[in-house]
Amino acid sequence: MEFNTKVIHGGQKHDPSTGAVMPPIYQTSTYAQVSPGDHKGYEYSRTGNPTRTALENSLASIENGNYGLAFASGLASIDAIMKLLQPGDEVISTNDLYGGTFRLFSSIFKKFGIKFHFVGMDNIDNIEKCINDKTKIIWVESPTNPMLNIIDIRKCAALSRNKNILLVVDNTFATPYLQKPLDLGADIVMHSATKYLGGHSDVVMGALIVKDKELSEKLYFIQNASGAVCGPMDSFLVLRGIKTLHVRMQRHCENGSAVAHYLKSHPKVGKVYWPGFEEHPNHDIAKSQMKDFGGMLSFSLKGDKYEDAIKILENLKVFTLAESLGGVESLSGHPSSMTHASIPKEEREKIGVIDSLIRLSVGIEAEKDLLADLENALQLV
Ligand SMILES: *Cc1c(COP(=O)(O)O)cnc(C)c1O
């Protein structure tokens with residue numbers, strides 16, 4: 001089945017009792033049993049819920065995996081992966097990791113004796129140098145947030161293979177429309193389904209997808225034992241979102257490209273970070289592992305003035321100033337004072353998060369209105 005068919009039908013059956021085309025929202029915590037243990041496959045909704053099952057089957061299908069697991073948030077799904085580890089185990093990850101993931105690793109799991117190495121992963125040698133007998137996870141995010149760095153997933157898979165190391169890819173920014181990490185050799189794909197999968201800024205959710213049965217059983221055990229599951233209504237919303245993922249992503253990519261090129265030629269703009277540009281340091285890797293370049297980008301201003309960035313953000317009208325990304329509506333953000341404010345200025349600037357950096361999640365509105373909105377705000381500085 002092609003991807004564009006999978007997003008609509010993959011892993012789905014019509015409801016057996018009524019023929020309902022969409023799975024009902026099974027708003028129930030428990031299920032009647034005829035005799036103890038004699039039930040229809042569901043006992044309690046932390047353990048399993050049919051609406052969540054429908055979503056989990058869809059997730060497995062669109063990522064070319066065999067098993068999907070849905071959680072209460074992206075971070076809850078990351079938390080479940082980390083609970084596979086033992087004290088003393090080591091994790092290698094990128095130095096421009098999503099802020100919430102960094103916080104979970106460094107403020108919570110470090111306490112339990114897990115050691116983390118945060119390195120510039122776009123240089124594969126930096127990863128190789130950190131690998132030892134205790135390495136259990138290589139954690140990749142690509143493209144990264146907010147600098148849009150690209151990490152070579154195939155090369156990471158070559159490093160982790162045959163070594164008892166799990167390769168995890170946070171595929172939130174790319175989505176399976178652009179990039180299929182399991183096909184590139186990853187063991188676990190992770191999503192903040194809050195973003196593109198849900199796609200409408202109306203739900204918070206996380207997801208994991210794997211191929212291996214034994215690994216899926218370990219993660220299912222943690223999902224049930226720790227209990228950070230998502231509810232049936234949220235499952236329904238994300239399932240509905242996934243059905244238009246391919247058409248939304250196509251438009252996100254078209255608009256993203258238009259905005260990136262417009263900004264690049266603007267006299268007030270400093271640098272534009274978008275993997276679609278040939279001069280992007282990892283453009284060739286992006287081309288080889290992604291179908292297109294997505295709707296996320298960042299840019300800085302000439303002169304790098306904090307006040308200029310704020311003025312632009314206050315005056316954008318179609319772009320809403322807000323945290324999050326991946327919804328149908330365009331959003332803007334200021335990493336140095338919002339998502340990356342907790343990182344010391346010096347550290348932040350080392351990875352490129354300077355005061356004038358603005359991040360855009362380009363939505364699926366008319367291109368003309370998005371460009372006019374940016375033009376209007378940029379002429380004020
Ligand atoms: C938002 C996000 C997360 C965290 O997901 P939540 O749903 O907010 O818990 C993790 N990784 C990336 C890349 C994200 O954008």
Side-chain angles (χ1 to χ4, degrees), residues 69 71-124 126-147 149 151 153 156 159-160 163-174 181 186-195 204-210 215 218-219 222-223 225-228 323-325 335 338-344 346-348 350-353:
L69 298 99
F71 292 83
S73 70
L75 283 169
S77 70
I78 300 171
D79 182 83
I81 295 174
M82 299 315 287
K83 286 175 178 160
L84 293 166
L85 301 180
Q86 304 280 339
D89 288 349
E90 297 190 10
V91 176
I92 304 170
S93 190
T94 164
N95 60 3
D96 64 344
L97 195 59
Y98 173 76
T101 311
F102 178 77
R103 183 177 54 199
L104 178 63
F105 287 178
S106 55
S107 304
I108 308 236
F109 282 99
K110 201 172 146 199
K111 258 190 340 211
F112 295 116
I114 313 286
K115 186 170 171 190
F116 295 91
H117 303 266
F118 299 102
V119 300
M121 278 187 145
D122 46 353
N123 179 353
I124 208 82
N126 290 339
I127 308 176
E128 200 161 7
K129 272 189 242 159
C130 295
I131 294 183
N132 62 47
D133 292 347
K134 295 185 178 138
T135 310
K136 289 288 147 36
I137 288 180
I138 296 177
W139 188 286
V140 169
E141 205 180 293
S142 186
T144 63
N145 175 43
M147 299 316 295
N149 286 320
I151 297 165
I153 298 172
C156 290
L159 286 182
S160 66
K163 281 205 194 82
N164 197 24
I165 300 173
L166 291 173
L167 176 63
V168 182
V169 176
D170 181 338
N171 207 28
T172 301
F173 268 40
D187 300 292
I188 305 178
V189 174
M190 174 260 143
H191 276 279
S192 168
T194 313
K195 317 293 168 55
V204 172
M205 190 189 285
L208 303 180
I209 302 101
V210 303
L215 180 57
K218 286 183 190 161
L219 291 167
I222 295 167
Q223 183 193 39
S226 283
E323 305 261 0
S324 201
L325 61 110
M338 293 166 75
T339 47
H340 290 62
S342 59
I343 305 173
E346 218 174 89
E347 289 298 310
R348 183 164 88 211
K350 255 192 241 160
I351 57 164
V353 182

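Counting from 1, the numbers follow the sequence of the chain as shown.
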Test log, rule side chain to side chain contact (heavy atoms under 4.5 Å, CB included), inputs I222 and I81: CA-CA 8 Å; I222 295 167; I81 295 174; over 6 Å; no
Give, for atom [atom1] of [X] and atom [atom2] of [Y], the distance between the pair rounded to the nearest 0.5 Å.
{"X": "M190", "Y": "T101", "atom1": "CE", "atom2": "OG1", "value": "6.0 Å"}
{"X": "C156", "Y": "L167", "atom1": "SG", "atom2": "CG", "value": "6.0 Å"}
{"X": "N123", "Y": "K129", "atom1": "CG", "atom2": "NZ", "value": "7.0 Å"}
{"X": "I351", "Y": "L97", "atom1": "CD1", "atom2": "CG", "value": "10.0 Å"}

So ring pair (Phe, Tyr, Trp, His ring centres under 6.0 Å) across residues 71-104, not counting sequence neighbours, yields F102-F118
Pairs touching residues 107-122 that satisfy side chain to side chain donor-acceptor pair (under 3.5 Å), sequence neighbours left out: E90-H117
With under 30° as parallel and over 60° as perpendicular, where do the rings of F116 and F105 fit, or are they tilted in between? parallel
[X]: what forms a side chain to side chain contact (heavy atoms under 4.5 Å, CB included) with it, not counting sequence neighbours?
{"X": "K350", "result": "E347"}
{"X": "T135", "result": "I92, I131, N132, I165"}
{"X": "L85", "result": "M82, D89, V91, I114, K136, I137"}

Please determine whether side-chain hydrogen bond (donor to acceptor under 3.5 Å, both in side chains) holds for the pair N149 and D96, giving the CA-CA distance in whole Å, both sets of side-chain angles, and the decisive distance to 0.1 Å. CA-CA 9 Å; N149 286 320; D96 64 344; 3.0 Å; yes
How would you list, by chain and number, every residue that makes a salt bridge (Lys or Arg N to Asp or Glu O under 4.0 Å) with K134, sequence neighbours excluded? none
